[in-house]
Chemist: 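I'd like to ask you about the structure that follows.
Quick note: numbers below take in every heavy atom, side chains included, and nothing from hydrogens, waters or symmetry partners. One is the number of the first residue; the rest follow in order along the sequence.
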Amino acid sequence: MLKITRLFVLSFLLTGFFVQAAPEKNTIRVALNDLPGVDMLPALIAIERTKEKGIDVKVSYMLSEGMALRSIVNQHADVGMGTPYQKIQQDKAPIRMFYQLSMLRFHPVIDTRYYKSWSELDGVEMYSHGEGSGTEALVNMMAQKHGIKYSKMIYLPGSGVRTNAMLNGRIHATVVDTERKNRLLSMPDSPFQVLPIPNINASDEALYAHETFLKTHQNELKTLTAELLSVWQALNSNPAFVLQQRNKYALLPDLKDDQILQYMQEMIAESTFPNDGGQKTAFQSDLDFYGTAGTISEPETQQESQYWNFSLIPQLDAK
């Protein structure tokens, strides 16, 4: 709890700093939407490598996707992480996604002492990461598929937070990432079970920025995007690359090597990390998924340019 509180205070203080300071040349202020974990390691590695290229990258951890999103919209930070389709469509937010980090690999988990199937979740509370998030879209899509309706959708940011709530018996159905799913299922005599879902290739996490920042900081973002491409391609070829880079930059020292390697191997086996930043398939896959889930309305009328700016990636590939 102390660690979470400290991170919240850090987020608050950094957000206050962002209010006072306009974005400078050679600087990127990154607002991440969750507590740091194994899933963020590749992005943190790319950030460290970007720093080595002379870009001053300042990272803050927000305790909710909404907090991070507001900081980008209000230009208190420069780059956020998430899939802000709903914010762009409903509020005409002047932000665009520019790099797909990962595809959605979340797992609906139930406590079998209370529920056994999707049908038994009719009329009960469901817990997801945040409004418009991939976790909310996933459980909403499955509710439509199974003809059920939750009594209430409750937003509880952070897979780790939701996992602890499951372990403590405060909630009995939610969605968690692969790392936390493995933790729940590996418990002795585990009462937890993963509910079946179809194969989904929609975006889980993407990097996005204010349109103004995309125009004024092309060089900085090209450097970051180049490092993202390099890290993603290297880890897809050899998951141990992440271990080497983690040790080089002393990132998240509490994580064990076997924990990191298991996670990366599983994610790579599930084709989680796109080698091209998502430019070939991200938008159409997202329309299919988020449109079905109701996060994007009238998906058949939407255009890629309304949500994505892939201009950095072709420029890099052309070199």
Chemist: Taking T50 for the side chain and I55 for the main chain, is one N or O donor matched with an acceptor at less than 3.5 Å?
Modeler: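 Side chain of T50 to backbone of I55: no pair is present.
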Chemist: I want to check something: taking the side chain as every heavy atom from C-beta on, are Q100 and W308 in contact at a cut-off of under 4.5 Å?
Modeler: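 With C-beta onward as the side chain, the pair touches.
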Chemist: Distance-only, no hydrogens or angles: does the N201 side chain make a donor-acceptor pair with backbone N or O of S285 under 3.5 Å?
Modeler: no
Chemist: Between R183 and N164, do the side chains contain an N or O donor and an N or O acceptor separated by less than 3.5 Å?
Modeler: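 On atom types as modelled, these side chains qualify, holding a pair under 3.5 Å.
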Chemist: Closer than 3.5 angstrom, by distance alone: can the side chain of S133 be matched with the main-chain N or O of E136 as a donor-acceptor pair?
Modeler: yes
Chemist: Report yes if the side chains of I197 and M142 come closer than 4.5 Å at any heavy-atom pair, otherwise no.
Modeler: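 With C-beta onward as the side chain, the pair touches.
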Chemist: Can you see which heavy atom on T27 is nearest to which on D78, and at what distance?
Modeler: O-OD2, 4.2 Å
Chemist: Taking Q75 for its side chain and S71 for its backbone only, find out whether a donor-acceptor pair lies under 3.5 Å.
Modeler: no
Chemist: Are any of the side-chain heavy atoms of L221 and F213 separated by less than 4.5 Å?
Modeler: yes
Chemist: Test Y85 against Y307 for ring-ring contact (aromatic ring centres under 6.0 Å, His included), laying out the working first.
Modeler: CA-CA 7 Å; Y85 280 100; Y307 302 95; 5.1 Å; yes
Chemist: Which atom names give the shortest non-hydrogen contact between M153 and S128, and what distance separates them?
Modeler: SD-OG, 3.4 Å
Chemist: What are the two closest heavy atoms between F192 and M187, and how far apart are they?
Modeler: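 Shortest heavy-atom separation between F192 and M187 comes out as CE1-SD, 3.8 Å.
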Chemist: Among side-chain atoms of E52 and Y249, is any donor-acceptor pair under 3.5 angstrom?
Modeler: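 Yes, because at least one side-chain N or O of E52 sits under 3.5 Å from a partner of the opposite role on Y249.
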Chemist: Side chains of Q259 and N182: any donor to acceptor distance under 3.5 Å?
Modeler: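 Judged by distance alone, the side chains do not pair up.
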Chemist: Quiz question: by atom type and distance under 3.5 Å, do the side chains of N26 and D56 form a donor-acceptor pair?
Modeler: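 There is no such pair between these side chains.
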Chemist: CG/L261 to CG/D258 distance, rounded to the nearest 0.5 angstrom?
Modeler: 8.0 Å
Chemist: Between D276 (side chain) and G278 (backbone), is there a donor-acceptor pair under 3.5 Å?
Modeler: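 Yes.
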Chemist: Distance-only, no hydrogens or angles: does the T223 side chain make a donor-acceptor pair with backbone N or O of N219 under 3.5 Å?
Modeler: yes
Chemist: Out of curiosity, E270 CD to I200 CD1, how far, rounded to the nearest 0.5 Å?
Modeler: 11.5 Å
Chemist: Ignoring hydrogens and angles, tell me if any N or O in the side chain of N74 forms a donor-acceptor pair with the backbone of H76 under 3.5 Å.
Modeler: no
Chemist: Measure up the H146 and W118 rings against each other and bin them: parallel (under 30°), tilted (30 to 60°), perpendicular (over 60°).
Modeler: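 If you compare the ring of H146 with that of W118, the planes turn out parallel.
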Chemist: If you compare all heavy atoms of V175 against all heavy atoms of V139, which two are closest, and at what distance to 0.1 Å?
Modeler: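 Reported closest heavy-atom pair: CG2-CG1, 3.1 Å.
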Chemist: Would you say the side-chain atoms of Y263 and Q265 include a donor-acceptor pair closer than 3.5 Å?
Modeler: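 There is no such pair between these side chains.
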Chemist: For V176, is there any backbone N or O sitting under 3.5 Å from a side-chain donor or acceptor partner on S159?
Modeler: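 Here the side-chain-to-backbone pair does not exist.
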Chemist: Hey, are R49 and Q245 close enough side-chain-wise for a donor-acceptor pair under 3.5 Å?
Modeler: yes
Chemist: Regarding T83 and E205, is there a side-chain donor-to-acceptor distance under 3.5 Å anywhere?
Modeler: no
Chemist: What I want to find out is whether R96 reaches E211 closely enough, with some N-O distance under 4.0 Å, to be called a salt bridge.
Modeler: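 Here R96 pairs with E211 in a salt bridge, since their nearest N and O are under 4.0 Å apart.
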Chemist: Are the side chain of T216 and the backbone of T212 linked by a donor-acceptor contact shorter than 3.5 Å?
Modeler: yes
Chemist: Are the side chains of I88 and I95 in contact, using a 4.5 Å heavy-atom criterion?
Modeler: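 Yes, at least one pair of side-chain atoms sits under 4.5 Å.
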Chemist: Say whether N140 and Q144, considering side chains only, have a donor N or O and an acceptor N or O under 3.5 Å apart.
Modeler: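 No.
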Chemist: Using every non-hydrogen atom in the two residues, find where R162 and P157 come nearest and quote the distance to one decimal.
Modeler: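 Scanning both residues, the minimum pair turns out to be NH1-C, 4.0 Å.
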Chemist: Taking atom CZ of R246 and atom CD of E48, what is their separation to the nearest 0.5 Å?
Modeler: 13.0 Å
Chemist: With rounding to the nearest 0.5 Å, note down the distance linking OH in Y127 to CE in M166.
Modeler: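 Y127 atom OH to M166 atom CE measures 11.0 Å (nearest 0.5 Å).
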Chemist: When rounded to the nearest 0.5 angstrom, what distance separates CD in Q86 from CG in L69?
Modeler: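 Answer rounded to 0.5 Å: 10.5 Å.
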Chemist: Can you give me the closest heavy-atom contact between F98 and F310, atom names plus distance?
Modeler: O-CD2, 4.1 Å
Chemist: In Å and rounded to the nearest 0.5 Å, what is the CG to CE distance from L214 to M97?
Modeler: 11.5 Å
